[in-house]
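A short write-up of the structure that comes next.
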Amino acid sequence: MSAPAITPVFVRLKLSLLRNGLRQSGGRKAAYITSAVFALLFAALQLIGLIALRGHAHAESVVVLAVAVLGLGWAVMPLFFPSGDETLDPTRLVMLPLRPRPLVGALLTASLVGIGPLFTLCLLVGSVVAVARGGAAFAVGTVAVALALLVCVALARAVAVANVRLLTSRKGRDLAVLSGLVIAIGAQIVNFGAQRLGASGLGELDPAAEVLRWVPPASAIGAVHAVSEGSYGLAVAQLALTAGALVALLAFWSRHLTRLMTSPDGSTLPGAESAAKERASTGLARLLPGGRTGTVMERGLRYVWRDPKTKAAWVTSLAIGLIVPVFNAWQGTGSVYFACFAAGMLGIQMYNQFGQDTSAFWMVAMTISSTHDAYVELRARAYALLLITLPYATLVTVLTTAMLGDWRRLPEALGLSFALLGAMLATGAWTSARFPYSIPQEGYKNVAPGQTGLAWISIFGGMMAAALLCAPVIALTIWLNVSADGDDWTWLLLPAGTAYGAVLTAAGLKLAAPRTARRLPEILTAVSKG
């Protein structure tokens with residue numbers, strides 16, 4: 001007697017999950033319906049736009065790049081939105097008597113139910129219409145759409161099953177916080193790309209499309225264009241490449257699914273490897289100063305590495321601080337002074353130092369009994385930030401200068417960066433004590449309800465104060481650049497800016513320390529509200 005087919009069961013299960021999820025609350029139902037309407041409206045407009053592109057000289061380059069980006073989106077979607085689809089977690093099925101191969105087919109079919117696959121289908125259909133000419137091309141396009149859609153869905157499933165232990169853990173769910181980073185960096189890249197296309201035209205896409213038309217799932221759309229051009233052998237090769245990618249993804253998925261459902265979860269077994277890692281982690285302490293300074297520095301650096309929100313803030317600052325000056329220099333519209341953006345972005349990390357500790361700040365507060373203790377605490381936090389910021393700001397400034405070829409201005413750009421960094425460390429230490437606020441541990445919010453005003457005053461008020469404190473160095477830079485013989489003395493801006501930044505940092509820490517020691521109860525109350 002043959003086993004009953006499980007594919008219809010999984011399709012009904014997917015529909016039930018969607019239906020029951022909407023029944024949980026009216027807010028969730030409204031959010032789902034609103035997002036579905038906007039997604040489908042955007043898909044319809046996109047479909048119309050792609051159809052309107054039909055006959056354009058560079059239509060194939062546009063659609064190939066669009067499908068390639070779509071495939072990338074399907075690959076990263078499970079990493080940043082692991083809770084968006086409950087069926088992405090196959091560990092819920094480990095106790096059922098299911099074989100991996102039929103399970104892969106059932107899950108693949110169930111994955112085709114939803115807004116995401118429908119949106120993908122609209123884009124793929126529009127891409128085929130944009131490049132297909134003739135009955136043969138449309139016939140191949142039908143196969144290409146099916147293959148590309150299955151590749152996208154299988155790619156998402158393969159990534160999810162390979163990382164399911166991470167995605168279903170607390171740290172994995174916190175990884176979704178980094179989705180904001182992807183959006184921020186992607187927005188910068190799209191902005192610069194749009195500027196370049198606006199100046200040079202769609203022909204700039206042709207070199208990238210030449211490569212991506214051989215990368216699944218974009219290769220399926222490339223096959224449709226090849227048939228339209230009469231290159232049938234090329235079309236067969238591109239379709240075969242897409243089909244091969246689908247087979248490889250299904251095999252990868254099946255193998256990892258088998259391993260997942262037949263092996264124990266190593267994350268719950270505290271073996272010797274985890275103990276060895278814990279012992280090895282003490283190596284950082286040997287490189288830092290002794291006493292309270294080294295302890296505080298190590299704690300701050302561990303926050304950067306381990307705490308999801310702190311890590312997201314740092315990675316975002318590092319990425320944007322590099323992208324803005326380098327991309328502007330690459331386009332030929334930048335200046336070496338844009339490199340100060342790196343120091344400014346990282347200097348923001350000094351603001352709300354105690355809020356980053358959240359409710360754990362009470363343990364820090366227990367160790368502060370005098371102004372000297374508060375000063376050492378703030379100084380050590382500034383040192384930890386400088387360990388990353390100083391070499392990074394120097395690297396970005398040198399890289400920007402090299403791309404522009406304006407080496408004469410390197411000393412003054414570095415001097416301005418170091419002065420700005422010192423000013424932000426000073427104002428950040430003071431506002432951390434004067435305007436602390438809580439950072440919620442869960443969700444996407446970075447400010448607790450009712451404390452938005454404090455956050456604005458702390459960050460933007462502190463940044464304005466830092467800009468005013470840098471006014472002497474800025475004025476000196478302008479004076480040396482406009483004076484007749486000032487070019488011979490611009491090198492002095494490097495030591496002058498460095499010394500000025502160091503003085504500002506020391507003064508800011510000295511002013512913030514007594515306020516921190518006096519206001520410990522108020523700070524503890526403010527940062528514990530989240």
Side-chain angles (χ1 to χ4, degrees), residues 7 43 46-47 49-51 53-77 101 104-114 116-159 202 205-255:
T7 299
Q46 190 172 240
L47 177 61
L50 289 172
I51 294 175
L53 197 63
R54 180 177 173 83
H56 193 281
H58 302 288
E60 191 245 354
S61 298
V62 174
V63 297
V64 164
L65 282 170
V67 174
V69 172
L70 181 70
L72 178 63
W74 275 94
V76 302
M77 180 186 66
R101 184 168 296 179
V104 165
L107 288 174
L108 182 64
T109 305
S111 300
L112 298 175
V113 178
L118 181 58
F119 177 88
T120 303
L121 181 63
C122 291
L123 189 143
L124 292 173
V125 170
S127 299
V128 168
V129 174
V131 298
R133 293 194 301 272
F138 278 101
V140 171
T142 304
V143 178
V145 167
L147 283 176
L149 180 60
L150 291 175
V151 165
C152 288
V153 175
L155 180 60
R157 286 288 180 174
V159 171
L202 294 178
L205 301 177
D206 291 344
E210 286 291 334
V211 176
L212 293 176
R213 69 179 45 155
W214 292 99
V215 178
S219 55
I221 305 302
V224 178
H225 180 263
V227 171
S228 300
E229 297 292 322
S231 303
Y232 297 105
L234 181 64
V236 170
Q238 290 173 319
L239 279 180
L241 183 62
T242 308
L246 176 60
V247 172
L249 286 171
L250 292 177
F252 177 85
W253 181 9
S254 178
R255 183 169 62 252

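All values derive from a computational prediction rather than experimental measurement.
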Examine distances only and state if a side-chain atom of Thr242 and a backbone atom of Leu147 form a donor-acceptor pair shorter than 3.5 Å.
no
Once you round to the nearest 0.5 Å, how far does CG of Leu70 lie from CG of Leu65?
12.5 Å
dist Thr120:OG1 -> Leu150:CG (nearest 0.5 Å) comes out at 11.5 Å
When every non-hydrogen atom of Ile221 is compared with those of Val128, the smallest separation belongs to CD1-CG2, 4.0 Å
Looking only at heavy atoms, the pair that brings Val67 and Ser127 closest together is CG2-OG, 3.8 Å
Under 3.5 Å, side chain of Ser228 to main-chain N/O of Ala137, donor-acceptor pair present?
no
Looking only at heavy atoms, the pair that brings Pro217 and Val151 closest together is CB-CG1, 4.0 Å
Distance (rounded to the nearest 0.5 Å) between Trp253 CH2 and Leu155 CG
11.0 Å
Taking all non-hydrogen atoms of both residues into account, name the closest pair between Leu123 and Gln46 and its distance.
CD1-NE2, 3.2 Å
Would you give the length of the straight line joining atom CZ of Arg213 to atom NE2 of His225, rounded to the nearest 0.5 angstrom?
6.5 Å
Of the non-hydrogen atoms in Ala154 and Leu246, which two are nearest, and what is the gap between them?
CB-CD1, 4.0 Å
Tell me whether Ser254 contacts the main-chain N or O of Leu250 through its side chain, where contact means a donor paired with an acceptor under 3.5 Å.
no
Separation of Leu149 CG from Trp74 CH2 (nearest 0.5 Å)
7.0 Å
Run the numbers on Val153 and Leu108 for side chain to side chain contact (heavy atoms under 4.5 Å, CB included), then give the verdict.
CA-CA 7 Å; Val153 175; Leu108 182 64; 3.8 Å; yes
Closest heavy-atom contact between Val145 and Leu121?
CG1-CD1, 3.6 Å
Do the side chain of Arg54 and the main chain of Ala132 share a donor and acceptor less than 3.5 angstrom apart?
yes
